[in-house]
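All chains are named by letter (A, B, ...) in the order of the sequence lines, taking the proteins before the strands, and each is independently numbered beginning at 1.
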Protein chains: 2
Amino acid sequence: MESLPKNLARDLKDIVGSNWVLSDRDRLLAYESDGLTAYRSKPLAVVLPETTDQVSRVFKLLSRNNIKVVPRGAGTGLSGGALADPTAVIIGTSKMNTIIKLDPDNRRAVVQPGVINAHLSEAAAPLGLYYAPDPASQSACTIGGNVAENSGGPHCLKYGVTSRYVTGLTIVTYEGEILRLGGLGRERGSYDLVGVFVGSEGCFGMATEVEVKLLPKPESVRTLLAIFDRIEDAGKAVTSIMARGLLPAALEIIDGATIRAVEASVFAGGYPVDANAALVVEFDGIEKGLGADVQKAISDCKKAGATEVRSAATSEERQKLWQGRKKAFGAMGRIATDLLVQDATVPRSRLPEVLMKISEIGERYDLNIANVFHAGDGNLHPNILFDRSDSEELQKVELASTEIMKVCVAAGGTITGEHGVGHDKKSYMPLVCGVDEMKTMKKVKTVFDPYHGMNPGKVLPTDI
Amino acid sequence: MESLPKNLARDLKDIVGSNWVLSDRDRLLAYESDGLTAYRSKPLAVVLPETTDQVSRVFKLLSRNNIKVVPRGAGTGLSGGALADPTAVIIGTSKMNTIIKLDPDNRRAVVQPGVINAHLSEAAAPLGLYYAPDPASQSACTIGGNVAENSGGPHCLKYGVTSRYVTGLTIVTYEGEILRLGGLGRERGSYDLVGVFVGSEGCFGMATEVEVKLLPKPESVRTLLAIFDRIEDAGKAVTSIMARGLLPAALEIIDGATIRAVEASVFAGGYPVDANAALVVEFDGIEKGLGADVQKAISDCKKAGATEVRSAATSEERQKLWQGRKKAFGAMGRIATDLLVQDATVPRSRLPEVLMKISEIGERYDLNIANVFHAGDGNLHPNILFDRSDSEELQKVELASTEIMKVCVAAGGTITGEHGVGHDKKSYMPLVCGVDEMKTMKKVKTVFDPYHGMNPGKVLPTDI
């Protein structure tokens, strides 16, 4: 077991204060994994700075001592992206949680990276504004983490992912250099360094200030829940809705296994437990226009074979219709000790066949796989329920998971929609990227991080 | 005068066909400038390949001979980005104009770079789809050029610029290497090489296939034209419309000088010639919802002091309301021998003060400056009308132009909104970017183009 050299601990404490350098094994426990609990490793230490300047000084100190650095937000990530080996130091953003500026005139906010996603929308609400990207973990995950993973969410079908909203960044490189990129009034122009930093998974540097676009809150929202006997029918409804040119804010499918898990939990939303799929359709915009869209979507669902279509009249009812989707992970956590949340995308038109193949894989390995997915985007989240103390089952999970990835890639998809590559999926990268493309990626990383001190062992296979 | 070595000419002709290597001085005339005619230079030769493979072979040949390369679309660019010095070869995309694929199920198109922007929307129209970015030059400019410049247009207020739509690229590097980046089902995932290539102004490599998102055509469009005595009042109307949370598809201001130029031309749209500003407001979406938005916008215009608000009932009338904006450059070309179309952005909230300062600069230098701008985005296009044969006037234009840039930057803006940095503005880059940021940019370019053979002398100051 490595331990933090005393003089280094002292120097770090001089920068951030003595309470904010954690190196006791007990206190490190909370940092040994992120939301993907299958991988665990305790870091050398955790440092919790408060300002850009502190991050810069901490990075200078660590890079001079050849100690690698892993930035970490709330640790809700699902690809092991915030995993740190025992020689690396985690830089946590929990104290960098200030909303620095709300600028309604230009519809912008500037935040520290540790600001929780949902808190930003809450703070902007009195101004009639909100922050659009809404990962399922939005009540816990941070804007900094969202920047690292280029996070999406159910509403990114209409509103797009994080990269559409980030207009400026202050970043600190491993060597402690502070760079300001883009920013209000300067968001366009060559070359797009902000764009390439978003989604770089903590491997280029650490964002210490993030400027984002805010949107005006939609005047009105309408939510439908359609119930199906067959998941293919839910898929057909999605195809019809999109084919007629409607642009729902969200199109989410929840399969039968997920419905039953949610209904058996405290989160029950009143979905019929014998159903094999539920489709949440949401429209937002100007009140007057929504009725017609809703009617068209209801008609598409019925034509596709929906046995029932519910529509929410109040915000409470809306929440109930969303329950099966929003509480899916929580509910599954109650019926299985472990959960592997997969994340892949396929072209929307290939969804039905991919779902059938995933179901076959589950049967073949005798594994319980529950699917929830952003159907409109072709972004799948197959959830494999298992018990990690059963080593035989664990092995089956790994094999099934790899097969699922291969099926998605063979259908023209990719290995991550919104969770990132992280530690978990770097071995899959050659499935979707040519060697030349990965080498180019590595070179771009090297521009920002020539000593390869940022978030080592993530994203790219080690032999690239 | 340099000339193309005979054996090289022969080898190039072997690749692309003997008609498609131009080196006669007469035939090169059309390639001596782009839309920014103030700069002129004849290239060594022009090569017009037809396929990715041909581009790769041409690039290999040229890079081995140490000859630099300048990709060029339709030459409508306004920053001298396609300017080639007498030692460089232009690679034109005029023969790479095939729409390779229209995929309505996934709302995508794959095109060669020489496809004209408007042609893509025309081809997609029977499928109920269109390509959103709409530069003023869309009837001539190419998708490849749009990728290079990350082009916008009047409707990017609501719909965003090119980078939001490009989901995959095939690029050829200076060394002739073919790289496939992103693509349907693979548009997300680390790191975002597609994102950083878009807007790289031909300095990283040449895109030879471009995959873009298409959008469903809006059900309905409503256009308003509000007339003002004072340009500040038009600015106020913009502020009110945005402040109440409306999201128009376009918000364009045309100043008095521009109105008079257009009305004096064959393009006359019937604007009152004594007006000092006109504001085009357009909403699109579901028919039912539009009426309310239009009413709110009319009320905002009137409160801000509009002397008249016209509304279009037919598509013909719509076109007439747009005339003052869409034909502005053409009309100015008729009243002045030369035109410098500037391009800068400022935070929307700083527009009024910046407009006043530009007007002061025009008066001080006794220059005719006509303004059209994407007001919703804070993207200004001051047009300086002049006669380049008058060397004293030419000098005043350069001084005034620099002052305008400085005013925009001082207001928190930047030196280009959508025309790119190109040759024209590289000297302004230090106004908005730190040396460290520019060095990082150069390093990212070097990843793609280690020999610095692509579009030399553009974007970054030579001393970086």
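Residues of residues 162-178 of chain B lying under 4.5 angstrom from chain A, judged on non-hydrogen atoms, are Arg164(B), Glu177(B) by number.
In this structure, Asp192(B) contributes its side chain and Phe197(A) its backbone to no donor-acceptor pair below 3.5 Å. A donor-acceptor pair under 3.5 Å is absent between the side-chain atoms of Arg180(A) and the main chain of Cys433(B), judged by distance alone.
Separation of atoms CG (Leu181(B)) and CE (Met441(A)) is listed at 7.5 Å; rounding is to 0.5 Å. Rounding to the nearest 0.5 Å places CZ of Arg107(A) at 5.5 Å from CZ of Arg348(B).
The residue among Pro216(B), Pro347(B), Cys408(B), Gly245(B) with the most heavy atom pairs within less than 4.5 Å of chain A is Pro347(B). With chain A as partner, the option from Val346(B), Leu193(B), Leu460(B) having the largest number of non-hydrogen pairs under 4.5 angstrom is Leu193(B). Counting heavy-atom pairs closer than 4.5 Å to chain A, the top-ranked of the candidates Gly412(B), Gly420(B), Gly195(B) is Gly412(B). Your options are Ile286(B), Leu215(B), Val459(B), Val447(B), and the one with the most heavy-atom pairs under 4.5 Å with chain A is Val447(B).
Every residue two or more places apart in sequence or in another chain that forms a side chain to side chain donor-acceptor pair (under 3.5 Å) with Lys158(A) is listed here: Asp284(A).
Using a 4.0 Å cut-off between charged side-chain N and carboxylate O, Lys296(A) and Glu219(B) make a salt bridge.
No side-chain heavy atom of Val196(A) sits less than 4.5 Å from a side-chain heavy atom of Val444(B). Residues Lys443(B) and Lys443(A) fail the side-chain proximity criterion, which asks for heavy atoms closer than 4.5 Å. Side-chain atoms of Phe204(A) and Tyr191(B), non-hydrogen and from C-beta on, do get closer than 4.5 Å to each other.
Legend: salt bridge (charged side-chain N to carboxylate O under 4.0 Å, His left out) pairs involving residues 405-414 of chain A, not counting sequence neighbours: none detected. Note on residues 427-442 of chain B: pairs passing side chain to side chain donor-acceptor pair (under 3.5 Å), not counting sequence neighbours, are Thr402(B)-Tyr428(B).
Of the two parts of Leu184(A), the backbone and the side chain both hold a non-hydrogen atom closer than 4.5 Å to a non-hydrogen atom of chain B. Contact of Asp293(A) with chain B is made through the side chain alone, with heavy-atom distances under 4.5 Å. Contacts of Val409(A) with chain B are made by both backbone and side-chain atoms, with heavy-atom separations under 4.5 Å. Only the side chain of Met429(A) comes within contact range of chain B, with at least one heavy atom under 4.5 Å from a heavy atom of that chain.
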